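For the single chain, residues carry numbers from 1 onward in sequence order. A quick note: this is a predicted structure, and the numbers were derived from the prediction, not measured. All values below were derived from every heavy atom in this structure, side-chain atoms included, with hydrogens, water molecules and symmetry-related copies excluded.
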Amino acid sequence: MKRLSTILMSLILSGALLFSGCQSSTDDTDDNDDSTAKIQVTVVTDATWPPFEYVNEQTHAIEGFDIDLMKAIAEKGNLEVTFQNVAWDALLAGLATGQYKVAISSITINAERAEKWLFSDPYFNAGQMVCVQKNNTTILSHNDLTGKKVAAQTGTTGFIEAQKIEGATVKSYDEIGLAFQDLMNGQIDAVICDTPVAIDYVNANIDKIKKVGTAFTDEFYGISIAKGQTEILARINQGLAAVIADGTFDQLVAKWNLNP
């Protein structure tokens with residue numbers, strides 16, 4: 001199996017070409033043109049999406065793969081970052097209005113979002129996965145969800161995919177953990193979410209839930225940057241390429257058990 005870093009280097013090249021058409025050079029200007037000065041940036045995240053971002057219950061610190069990755073990118077890209085926990089809907093709206101400059105929060109790159117803000121080069125493929133109760137023998141993949149009660153987090157690509165299922169009753173949640181709780185309690189039939197998140201919840205509740213089938217979409221995460229912040233975008237892409245090239249990315253993937 002190829003290392004993730006090898007795959008990502010090719011993704012970066014293709015991603016830059018794919019989304020360059022969505023990012024206008026006429027209105028995306030930056031008021032900081034000193035390329036040598038360190039830029040201070042508050043990075044927002046919805047810390048309810050382990051193992052990518054979550055709040056440590058003991059220390060109350062924001063932790064996760066995304067957080068470690070952003071710190072490493074900042075070091076390579078001459079950025080100084082602090083993190084702020086923001087609810088998902090507010091995060092998306094704040095990026096679109098420019099209230100927030102940068103967000104890393106398991107955000108899937110798509111054309112609709114790329115019209116509202118900028119994206120870094122892609123850094124992770126996390127297709128949608130279905131999870132069901134451990135004793136469920138009738139749902140074997142997303143093709144078996146017709147007429148079922150299906151849950152996903154509001155505003156996510158998992159929710160979008162759930163709405164495409166014919167005859168399904170779709171229930172939305174502000175936090176994915178609440179959806180999994182209802183699944184374990186038998187109030188819904190299935191949860192749809194990003195593969196690494198599904199794996200994390202299943203591993204933590206192996207006697208109660210399981211994942212079924214394989215990822216049924218290809219979805220690439222990117223770091224989101226408000227329009228106009230092209231210098232920050234360039235530094236993030238520079239830092240991302242550096243942490244992939246020097247092996248830091250692979251080390252973080254291993255640390256957070258994200259190997260495919």
inquiry  = Evaluate E75 against K71 for salt bridge (Lys or Arg N to Asp or Glu O under 4.0 Å), listing each step before the verdict.
reply    = CA-CA 6 Å; E75 183 177 349; K71 290 177 180 177; over 6 Å; no
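- Heavy atoms only, all atoms of each residue included: A168 and V150 are closest at CB-CG2, 4.2 Å.
- Residues V202 and C131 come closest through the heavy atom pair CG2-SG, 3.9 Å.
- A donor-acceptor pair under 3.5 Å is formed between the side chain of K227 and the backbone N or O of E115.
- Aromatic rings from F65 and Y54 are positioned such that their centres are separated by 6.0 Å or more.
- You'll find the side chain of E53 reaches within 4.5 Å of the side chain of S106, heavy atoms only.
- With contacts defined as side-chain heavy-atom distances shorter than 4.5 Å, the pair F159/Q153 does not qualify.
- We find the OG1-CD1 distance between T156 and I107 to be 12.0 Å, quoted to the nearest 0.5 Å.
- The closest donor-acceptor contact from the side chain of N56 to the backbone of A61 lies at 3.5 Å or more, if one exists at all.
- At a threshold of 4.5 Å between non-hydrogen side-chain atoms, the residues I223 and Y123 count as touching.
- When all heavy atoms of T154 and S172 are compared, the closest pair comes out as OG1-CB, 3.2 Å.
- Residues N257 and P51 form no side-chain contact, since every pair of their non-hydrogen atoms from C-beta on lies 4.5 Å or further apart.
- In this structure, N185 and Q133 approach most closely via the heavy-atom pair C-NE2, 4.3 Å.
- Two different hydrophobic clusters hold F124 and I199 under the rule that ILVMFWY side chains link at heavy-atom gaps under 4.5 Å.
- The minimum heavy-atom distance linking A72 with T248 is given by the pair CB-CG2, 4.0 Å.
- Shown here for T59 and E63, the closest heavy-atom pair between the two residues is OG1-OE2, 3.9 Å.
- Side-chain atoms of K210 come within 3.5 Å of backbone atoms of N136 as a donor-acceptor pair (strictly under, hydrogens ignored).
- Ring geometry, H142 versus F216: the interplanar angle falls under 30°, so the pair is classed parallel (tilted spans 30 to 60°).
- Applying the side chain to side chain donor-acceptor pair (under 3.5 Å) rule to pairs touching residues 188-197 yields Q128-D194, D194-Y221, sequence neighbours excluded.
- Counting only heavy atoms from C-beta outward, the side chains of T138 and D144 never approach each other to under 4.5 Å.
- No single ILVMFWY cluster, assembled from side-chain heavy atoms under 4.5 Å apart, contains both I176 and I165.
- In terms of hydrophobic clustering, with Ile, Leu, Val, Met, Phe, Trp and Tyr side chains grouped at heavy-atom distances under 4.5 Å, L145 and Y173 are assigned to different clusters.
- For the pairing with E161, the side-chain contact (heavy atoms from CB on, under 4.5 Å) check across V130, V170, T217 returns one residue only, T217.
- Note on L95: it does not cluster hydrophobically with I160, by side-chain heavy-atom contacts below 4.5 Å among ILVMFWY residues.
- There is a side-chain donor-acceptor pair under 3.5 Å between T48 and D46.
- Side chains of V43 and Y100 form no contact here, defined as non-hydrogen atoms less than 4.5 Å apart.
- Side chains of W49 and D66: no donor on one and acceptor on the other come within 3.5 Å.
- In this structure, D182 and L178 have side chains that are not in contact, with every pair of non-hydrogen atoms separated by 4.5 Å or more.
- Taking the side chain as every heavy atom from C-beta outward, I39 and I232 approach each other to under 4.5 Å.
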